[in-house]
Protein chains: 2
Amino acid sequence: MRIGEVAERAGVPIKTIRYYEEIGVLASARRLPSGYRDFEPEVVERLRFVRASQALGLTLGEIREIVAYRDHGDAPCAYVLELLRHRRDQCAARIAELRLAEQALDALVERSAHLRPEDCPATGVCHLISREA
Amino acid sequence: MRIGEVAERAGVPIKTIRYYEEIGVLASARRLPSGYRDFEPEVVERLRFVRASQALGLTLGEIREIVAYRDHGDAPCAYVLELLRHRRDQCAARIAELRLAEQALDALVERSAHLRPEDCPATGVCHLISREA
DNA sequence: CTTGACTCTCCAGTGCACTGGATGCTTTAC
DNA sequence: GTAAAGCATCCAGTGCACTGGAGAGTCAAG
């Protein structure tokens, strides 16, 4: 299967597939006499795996580690589990941060309803934000 | 005030201050005969404003716009308000995304408690993740 | 007067994940 | 046979916000 078909089936740009190969997320593809890459059909599945992992917040570096385990013949389960746990914690932490920011933003937007531009002091940049400091 | 003192008072690295000046987040500082930057004390306040804005998720590009309003003599209130609203909506959207990812990760971690490595199929990379696709 | 701390500019690199463009060979369709 | 589509490599750029280092000038203390 040539790169264009893989790209279409997996829904990943051609450039990206070559990039994945370059950084080791995909193994180097076999070549046709023409020099064209010749992929196994399984690579489509692997690309979906990569995209699914990305959607969960794993980095390409982590994904490369996972597929390296598999390509060495080991089941990556324990490593994957560790990554997933870590990533879940990061998620939770990030959500907490964003909630705080959201609340602060909400309070600011709310407060602005009660302010008139004339109340702006001449000093500083914008007391809407800087009073927050 | 020289750059080192500003850096210390505002808690911002020297390099970063020069960078802010370069991209227009800070106005170009006056210079001493030696060539050293000579800052007004107010720049410390402005740096705090920049950091507070960043903490709310505004980009340096947006912050530059805000201070540009102020430096042209206009109160940036309306513009700031628009940014804040937009940013709040982005925040909410991102939180929703992360919640989904968190739930998926949680389900995966949970499920892994009931799987043994022996159950791993030989094909694919890791069915823990790829079944999710 | 020397040493060390401070500052200057300029260039380049980081991290992450791509993306674009130039240039040229190969394959496919008509 | 020719034109278009597909593929190849290589280099370089994107966006964001810095960060590091080289090489050189300046200032304060002893």
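Note that the structure is a prediction, hence the values are computed from the model and not measured. Just so we're on the same page: letters track the sequence lines, and every chain starts at 1.
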Inset, instruction - Check every strand shown and say whether B:Arg18 touches a base, only sugar-phosphate, or nothing at a heavy-atom separation below 4.0 Å. - result: base
Inset, instruction - Give a yes/no answer on whether the side chain of B:Ser34 brings an N or O atom under 4.0 Å of OP1 or OP2 in C:dT7. - result: no
Inset, instruction - Would you indicate, yes or no, if D:dT9 has its OP1 or OP2 atom less than 4.0 angstrom from a side-chain nitrogen or oxygen of A:Arg31? - result: yes
Inset, instruction - Measure from the side-chain N and O atoms of A:Glu62 to the backbone N and O of A:Thr59, and report whether any donor-acceptor pair falls under 3.5 Å. - result: yes
Inset, instruction - Write down the distance between NZ (B:Lys15) and P (C:dC10), rounded to a whole number of angstrom. - result: 12 Å
Inset, instruction - Using a strict cut-off of less than 4.0 Å between a Lys/Arg side-chain nitrogen and an Asp/Glu carboxylate oxygen, indicate whether A:Arg9 and A:Glu5 qualify as a salt bridge. - result: yes
Legend entry - Donor-acceptor pair present, B:Tyr36 side chain and C:dC6 base, under 3.5 Å: yes
Legend entry - Carboxylate-amine/guanidinium contact A:Arg37 A:Glu21, below 4.0 Å: yes
Legend entry - Whole-Å gap separating P (D:dG15) and CD (B:Glu62): 15 Å
Legend entry - Interatomic spacing from CD in B:Glu65 to CG in B:Leu83 - rounded to 0.5 Å: 8.5 Å
Inset, instruction - Figure out the OH/P separation between B:Tyr19 and C:dA12, and round it to whole Å. - result: 17 Å
Inset, instruction - Assign B:Arg51 to base, sugar-phosphate, or nothing according to its heavy-atom contacts below 4.0 angstrom with the strands shown. - result: sugar-phosphate
Legend entry - Distance in angstrom units between B:Ile23 CD1 and D:dT19 P, rounded: 12 Å
Legend entry - A:Gln90 CD to C:dC16 P, straight-line distance once rounded to whole Å: 12 Å
Inset, instruction - Kindly say if B:Thr16 contacts the phosphate of D:dT19, meaning a side-chain N or O under 4.0 Å from OP1 or OP2. - result: yes
Legend entry - d(OH, A:Tyr20; C1', C:dA17) in whole Å: 7 Å
Inset, instruction - Looking at every strand, decide which applies to A:Ile14 at a 4.0 Å heavy-atom threshold: base, sugar-phosphate, or nothing. - result: sugar-phosphate
Legend entry - B:Arg37 side chain near C:dT9 phosphate (N/O to OP1/OP2, under 4.0 Å): yes
